[in-house]
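Within every chain, numbering begins at 1; the chains are lettered A, B, ... in the order of the sequence lines, protein sequences first and strands thereafter.
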Amino acid sequence: MSRAPDWIPIASRTCAALLGGYVFSWGFTAVVVALNVAAGGDYWEGLTLAYLLAFLVYVVVFLWAFADARLLRVWLILAGGGAAMIGIAWFITPALPALS
Amino acid sequence: MFASFRLSMTWVHTWFGLTLGYVLMACFFFGALSVFDREIDRWAIPESRFDPQPMPSFDEVLLPRFLAIEPDKESYKEAQKEVIGTLPPLASLRPSEFGAYTTHRDPVLGMYSSFDVPNKPRDPKLDHVHVYGDVTIDPRNGAPIPKDRYAIGSNFFYPLHFSLHFYWLDLGYWIVGLAALVMLVALISGVVIHRKIFREFFTFRSRKQIQRSALDLHNLTGVVALPFHFFFAFTGLVIFAGIYLPVTETLFHDTVEAYEKIEAEKSPLPHDAAGVAASLAPVDPMVEEAQRRWAARGMAGEVGYLTVTHYGDANGYVSVYRSGTDRVSGTGEGVHFRATDGAVLLEDPPATAVSGINNWLAGLHLQQFRHWTLRWLYVLGGLAGCACIATGFLFFVEKRKRQHAKSGSSGARWVDALAVAAVTGMLIATAAMLVGNRLLPETLPTRADWEQRIFWFAWLAALIHAAWRSAPVQSAMTSPAWREQCWALVVLCIAAPVLNWITTGDHLLRTLSEGYWPVAGFDLALLLTAATAFYAARRLRDTQRLVHSTTGQDQSEPAHA
């Protein structure tokens, strides 16, 4: 075994993978659903598609959070990217064509 | 922080696997038992030991039973918490919805009814609050199975594998979901760690030291069933995705509400009751019509699920769904009839591509279809998952215990104690519950609660025993708890079939000669478990003797090791 990593970076990485990864997957789901409805698709159909992909996305970003050397970048992409996707989904939702 | 990609994956695999492995043990083991949940129900409820039955006549058998269902007291209490004002008296509630579901493995039929309440919900996001009631009947004559007979397979083991029976804030679901995610993570990181995966796959050093054989078995069970492990963890997450990623109730709440209003207007099925009383036309001809329509589409089949919505109202309708016995994607092809005259309102359109894939994945996980070979492969896959996780624990302990013994750390000791509780302790709890099911008096009030208490207390006792006996691990030896709990398991797993014989007369010679596999198979599985536990206990004793006889040698070894 290699030397045990320091406590704080490893805790931060674990949080990034778990919570950052969760926010990212949440945002991914939201944006897929919103874009699908905006494109005239069925809400439930888009939701099912998003769910089928969201957990694969979560697993990949979870592993990446530990593999990438730059922790700050991991946090920025996961939490920032997740929040941005939720923002986009929220922004396009009121204008959904199916509801007009 | 990590010197290489592989070391980062090793860290993730070790520590996430260790912390959530205990949960995964329960998911895989009780998931494996759930494959035969209905057969375990037959074992636990002797009154229900007869052949599977088709959906009986609605008009003759089901309707009088539906109308006799009383609102469940617990459900009434729950509903009271969720509404504004006091609920009307329990006895005055009227049913508004009925449902009955059966599969090719069900002798008895589960039926439920939902009751309307006039009170407004506290949560403005909810439309209605309902009170529920249910009954299980013998479909041959409509006689109800007594309420206190506990379907241990489908009402205890099955929900345990996805909820841990921990319903507060849905926390059990969340813990299992996290464990499933970690399973996927552990599978991928495991493949990365073991680069020479194919060579290792064919390596098994059973007679070498425990650390080596544990690792070999860990790799073997992980790799041989890798697609199985991945599939079940993944589809488990997708099935409960609505809980884990609740976008519909939050971000899209208003959108979906508006969307559903439009859909409801377009749909021929009335969303709300009309408030005008109306009678229900005979339902059996509607069932015949549904079957005729399935046959016309080249998919003749049995009824799997039948519901009545807005019962007794002018807007009422009856939905008849085809059972999924002969295909992967569960029940479907609903045909919906107007309740007042039996006119067809709607035939479900075929599933779209995405829903089709989703139904197929969920259906393959839930396995309600008929395929006994695959059913057994599921059990083997689930047990391989357990073996993979358990050997992971053993490898963790074996790798560290000498080092921890020297440094005075107790880490390996506690991991080992928890592993004992997760492996033999879990089996003891299961077997103890079955013994309790046969020993508790038939007339005991809240008998099902006692069966559950036996399960949890037996598990807790096993954990305490494992912790209490774990001190030798601190000196790099094997915990005697493994062996002692194996002996307890031998006793319990022999006692269960013997008690089944004494209390019901169904001994193995009879069930085998009659070919009654639900009970014969489960008795045999218990005896096989007893034999395995016996073998393990003997092997553990022999190993211990070997260690004792070579202790002198061992002590001299560290000098040049």
Okay, B:Phe240 and chain A: the region with an atom under 4.5 Å from a heavy atom over there is neither
Highest number of heavy-atom pairs under 4.5 Å with chain A among B:Val12, B:Leu181, B:Val192 belongs to B:Leu181
Between A:Glu45 and B:Ala353 the two heavy atoms that sit nearest each other are OE2-N, 4.2 Å
Rounded to the nearest 0.5 angstrom, the CG-CZ distance for B:Leu245 and A:Phe55 is 4.5 Å
**OP:** Quick one: do A:Thr14 and B:Trp11 satisfy side chain to side chain contact (heavy atoms under 4.5 Å, CB included)? Show the steps, please.
**Re:** CA-CA 11 Å; A:Thr14 302; B:Trp11 191 91; 3.9 Å; yes
Legend entry - Heavy atoms of other groups near B:Trp360 CH2, more than 12 under 6.0 Å: no
Among residues 17-29 of chain A, those lying within the under-4.5 Å heavy-atom range of chain B are A:Leu18, A:Tyr22, A:Ser25, A:Trp26, A:Thr29
Applying a strict 4.5 Å limit to non-hydrogen atoms, the region of B:Phe16 in contact with chain A is side chain
Okay, B:Val238 and chain A: the region with an atom under 4.5 Å from a heavy atom over there is both
If one checks every heavy atom of B:Ala180 against chain A at 4.5 Å, the contacting part turns out to be neither
Honestly, the part of B:Ser4 sitting under 4.5 Å from a heavy atom of chain A is neither
Worksheet item: When you look at CG of B:Leu169, are more than 12 heavy atoms from neighbouring residues, nucleotides or ligands closer to it than 6.0 Å?
Response: yes
Of all heavy-atom pairs linking A:Leu49 and B:Val354, the shortest is N-CG1, 3.6 Å
From the list B:Thr248, B:Leu184, B:Ile357, the residue making the most non-hydrogen contacts under 4.5 Å with chain A is B:Thr248
Looking only at heavy atoms, the pair that brings A:Ala30 and B:Leu251 closest together is CB-CD2, 3.6 Å
(message) Would you say that A:Tyr51 contacts B:Ile239 through its side chain, given a criterion of any heavy-atom pair below 4.5 Å between the two side chains?
(response) no
Test item: B:Phe252 and A:Val37 side chains (from C-beta on) under 4.5 Å apart, heavy atoms
no
The interface call for A:Phe66 against chain B, heavy-atom contacts under 4.5 Å, is both
Notebook entry, point to check: Below 4.5 Å, heavy atoms only, C-beta onward: do A:Asp42 and B:Tyr259 meet side chain to side chain?
Noted result: yes
If you tally heavy-atom pairs under 4.5 Å between each of A:Tyr58, A:Phe62, A:Tyr43 and chain B, the highest tally belongs to A:Tyr43
Of the listed A:Leu47, A:Ile86, A:Leu56, the one with the largest count of heavy-atom pairs under 4.5 Å with chain B is A:Leu56
One should read off an interatomic distance between A:Trp44 CH2 and B:Glu260 CD, to the nearest 0.5 angstrom, of 5.0 Å
One should read off an interatomic distance between A:Leu52 CG and B:Leu361 CG, to the nearest 0.5 angstrom, of 6.0 Å
Whatever's closer than 4.5 Å to a heavy atom in chain B on A:Leu63 counts as both
Shortest non-hydrogen pair, A:Ala67 vs B:Ser8, comes out as CA-OG, 3.9 Å
